[in-house]
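Structure, as structure tokens:
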Amino acid sequence: MNAHSSHRPPDSGFKPLVWLRYRSQTLDNLLRLLSYLPEQRRTALWRLLPISVLPGMLDLALVGVGARLVGALVGTNLEDKMPGVKVFGGKPLDQTLWLIAIFIGLAWFASFSKLFLQLVQQKVTARIWRDLSNEIHARVLRQQYEYHLTRSTAELTTSILSNIRQAASGVISPTLRIFSSLISILLLSFGILWIGRFPAFLLLLTVILAYLGLSTLVTPYLRHARQQNLRLEVRSTHLLLESLASVRDITLTGTESHFQAAFSKAGERARRYAWMSAMLPIVPRLLIEPLGITLIFGIGAVPALMQGEPQKVLGILPFLSALAIAAQRLTPPLQELFHSLTELRGGLPQVRDTLDLLELPVERLTLGCPGVPSPAGMFPQHSIRLRDAWYRYPNTKEWVLKGVNLTIPVGSRIALVGSTGSGKTTTAHLLLALLKPERGSFELDGNPMSVEEVPAWQANCAQVPQFIQLLDASVKENVAFGINSNRIDEDRVWEALEAAQLEEYVADLPFGLLTQVGENGHQLSGGQRQRLALARAFYRNSGFLVLDEATSSLDNRTENEVINALEVVGRRCTTVVIAHRLSTIARCDRIYEFEQGVIKASGTFEELRQRSTSFQELARLERFNPSI
């Protein structure tokens with residue numbers, strides 16, 4: 001994340017435009033978007049200025065040379081309202097040949113200058129897209145855990161990958177094209193007005209008014225189409241991810257047609273808005289082009305032809321040629337301007353969504369932030385405690401935890417048991433500082449944890465959840481998680497795999513630690529995936545370990561081996577075990593039974609069997625005897 005991450009940067013790089021921002025929502029959003037670009041990208045935008053001027057100057061030169069050329073061919077002198085081209089003296093034929101050579105050379109030079117300008121604009125646009133994507137990705141990763149609980153993965157995926165690209169191609173790119181086109185239009189308009197005076201002024205005024213009318217008519221429909229297209233794209237992405245993730249269940253239930261119909265329906269609705277989004281921006285351009293041609297001949301040629309004076313028609317040929325060449329050179333930038341303006345104004349929905357993500361406050365600190373202590377200095381000496389902790393999830397009114405008091409001695413192993421939804425995992429997330437109590441406090445050695453201390457505490461923590469997310473990478477990279485491959489300690493990786501009872505399996509693989517596990521570990525069994533997740537936790541040598549149904553996919557023998565490994569490895573750290581199987585929690589120092597967000601009972605295994613009827617029933621159902 002760049003230097004502008006912690007707050008919205010000022011608009012100092014674009015002061016000349018600031019006074020207009022309150023008059024245009026599109027311009028205001030554009031300036032806000034540009035304000036998040038790094039300084040080097042702003043500098044690159046300003047460097048486009050001289051490159052953008054060159055094509056317009058060359059087009060203006062072409063108009064003057066072309067008019068003089070036609071005048072020389074028909075034997076009529078063009079008044080020096082624009083500087084005439086008089087080269088090397090000589091006869092009219094010699095001058096004509098030189099004018100033709102200069103005209104051809106200017107035409108090639110102008111085309112190459114426009115090609116070069118397009119190349120630079122596309123490169124800058126691509127870099128801006130990457131700048132915005134990187135900035136948003138960094139901001140999303142720096143949000144509190146609660147933020148991710150309330151956002152759809154499909155929505156975030158679409159926003160980060162698709163919407164930002166559309167914002168760059170549909171907003172930044174049109175803005176650059178508008179700027180370069182406007183310079184060419186101004187220079188050519190100056191030349192036309194200098195030659196044609198009032199008729200040329202009437203021509204330009206009519207074209208501008210026609211565009212404004214068409215743009216005003218088209219823009220609301222274009223914005224609506226793009227907004228609906230964006231909404232339906234999110235829906236299609238969501239359906240696609242759901243169906244691909246559920247392919248096993250779809251196969252077993254034979255419900256392919258249901259998911260195909262839902263995806264097809266969303267795509268069919270998006271189809272209408274897709275063609276409207278593509279078609280509406282070019283409507284003004286297609287209508288303005290014949291209007292310009294009509295006006296040129298209507299203003300310049302028709303009056304003279306109606307009077308029936310051949311010499312007068314011959315006399316206006318240089319003027320008409322100047323207008324024709326100017327129109328030929330002016331039409332592309334005018335079309336580009338009209339198309340880009342309509343596209344820019346219609347791209348408002350994508351800009352809004354992009355700005356919403358860019359303006360996310362950076363709420364979560366990291367270890368490298370000022371004021372954050374070292375992880376070693378943060379780990380407690382005596383106890384980890386939740387004091388009268390209350391918590392409810394965002395946008396809900398029901399309390400998930402109600403006045404939980406929980407003290408964990410450092411080095412101990414405790415267990416959290418209870419029915420589904422009783423608050424066990426939420427309690428674990430409070431202990432990991434992923435969530436913050438809405439009431440009460442989380443304390444280390446009796447001291448409430450501050451915001452600056454959270455990253456240092458989390459650096460001491462590891463969690464093995466029931467549903468594991470593995471990287472589409474090698475075994476080694478999954479165990480070392482988030483560490484560059486050339487910095488991974490392979491000896492520690494093997495030690496972690498041995499503790500997780502996975503060493504023999506990995507050693508027998510054709511490529512050992514370098515074996516790819518596939519997307520989310522699809523080449524591994526459920527038990528192997530959980531043991532790989534355990535190895536990841538062991539690799540970190542964390543002082544505080546949470547096992548949330550971490551052995552639920554293991555068979556009894558492997559679970560027993562892992563638990564024995566935990567006896568060795570786990571006693572080096574403080575461990576919280578969440579499990580439904582009593583064999584997993586029997587060796588814990590203390591067990592807390594949760595019910596509807598409160599601690600119903602606590603004690604050792606035997607104490608709970610005596611105090612809690614529900615725990616007795618659980619033991620009876622499993623027919624579990626800890627002495628065996």
Side-chain angles (χ1 to χ4, degrees), residues 145 367 375-376 378-380 384 408 410-416 424-425 427-435 454-471 473-483 485 487-506 513 517 520-521 524-554 558-579 581 584-585 587-589:
Y145 183 63
L367 282 175
M378 189 61 206
F379 199 80
I384 302 163
I408 307 172
V410 171
S412 66
R413 182 188 301 165
I414 71 158
L416 309 180
K424 305 183 299 298
T425 298
T427 300
H429 287 166
L430 291 179
L431 293 170
L432 292 167
L434 292 172
L435 302 176
V454 170
W457 165 245
Q458 290 176 336
N460 289 294
C461 301
Q463 182 191 28
V464 183
Q466 181 178 6
F467 302 105
I468 304 126
Q469 182 67 40
L470 296 179
L471 304 176
S474 66
V475 172
K476 179 174 71 171
E477 290 169 306
N478 269 281
V479 173
F481 190 77
I483 300 176
S485 182
R487 295 176 53 201
I488 296 175
D489 186 340
E490 293 194 6
D491 291 335
R492 283 179 57 195
V493 172
W494 283 114
E495 291 174 5
L497 291 170
E498 182 181 7
Q501 303 296 306
L502 199 61
E503 180 190 23
E504 292 184 7
Y505 171 77
V506 174
L513 293 178
V517 302
N520 201 19
L524 305 176
S525 67
Q528 289 165 347
R529 294 176 73 252
Q530 281 200 312
R531 279 181 279 174
L532 190 57
L534 282 166
R536 178 185 292 176
F538 294 153
Y539 181 86
R540 294 190 63 187
N541 289 327
S542 302
F544 185 75
L545 177 63
V546 173
L547 304 177
D548 190 351
E549 295 287 357
T551 60
S552 59
S553 295
L554 304 181
T558 304
E559 181 191 30
N560 186 61
E561 292 173 348
V562 170
I563 290 174
N564 289 334
L566 285 172
E567 283 296 318
V568 179
V569 179
R571 288 305 175 181
R572 304 173 191 167
C573 63
T574 306
T575 309
V576 176
V577 180
I578 300 174
R581 285 156 60 169
T584 309
I585 64 174
R587 303 183 193 182
C588 290
D589 302 319

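- By the 4.5 Å heavy-atom criterion applied to side chains, D548 and L416 are not counted as neighbours.
- When atom types are taken as modelled, the side chain of D589 and the backbone of I414 share no donor-acceptor pair closer than 3.5 angstrom.
- Atom OG1 in T425 sits 8.0 Å away from atom CD in E549 (nearest 0.5 Å).
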ask   = Under the side chain to side chain contact (heavy atoms under 4.5 Å, CB included) criterion, do V479 and F538 qualify, and how do the steps go?
value = CA-CA 9 Å; V479 173; F538 294 153; over 6 Å; no

- Message: Using side chain to side chain contact (heavy atoms under 4.5 Å, CB included), reason through Q530 and V464 one step at a time and then give a plain yes or no.
- Response: CA-CA 8 Å; Q530 281 200 312; V464 183; 5.8 Å; no

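- Taken to the nearest 0.5 Å, the CG atom of L470 stands 9.5 Å off from the CZ atom of F481.
- Nearest heavy atoms, E477 versus L471: O-CD1, 4.1 Å.
- Between A537 and L545 the shortest heavy-atom distance is CB-CD1, 3.6 Å.
- Of all non-hydrogen atoms in C573 and S542, the two that sit nearest each other are CB-O, 3.1 Å.
- Summarising the geometry, atom NZ belonging to K476 is positioned 12.0 Å from atom CG belonging to L497; distances are rounded to the nearest 0.5 Å.
- Note: N478 CG to L513 CG = 11.5 Å, rounded to the nearest 0.5 Å.
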Evaluate the criterion side chain to side chain contact (heavy atoms under 4.5 Å, CB included) for residue pair R492 and N541; output intermediate values, then yes/no. CA-CA 10 Å; R492 283 179 57 195; N541 289 327; 3.8 Å; yes

**Message:** V576 vs T427, test: side chain to side chain contact (heavy atoms under 4.5 Å, CB included). Steps then yes/no.
**Reply:** CA-CA 10 Å; V576 176; T427 300; over 6 Å; no

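- Shown here are the side-chain hydrogen bond (donor to acceptor under 3.5 Å, both in side chains) partners of R540, two or more places apart in sequence or in another chain: there are none.
- In this structure, OH in Y505 is found 9.5 Å from CG in L532, a value given to the nearest 0.5 Å.
- Of all heavy-atom pairs spanning R487 and I483, the tightest one is CB-CG2, 3.9 Å.
- The heavy-atom pair separating N460 from M378 by the smallest distance is ND2-CB, 4.3 Å.
- Contact between Y145 and L434 at its shortest, heavy atoms only, is CB-O, 3.3 Å.
- Between the Q458 side chain and the A433 main chain, a donor and an acceptor come within less than 3.5 Å of each other.
- With rounding to the nearest 0.5 Å, the separation of CD1 in I585 from CG in L547 is 12.5 Å.
- In this structure the side chain of P375 reaches within 4.5 angstrom of the side chain of L367, judged on heavy atoms.
- Legend: residues meeting ring-ring contact (aromatic ring centres under 6.0 Å, His included) with F544, ordered by chain and number and at least two apart, are W457.
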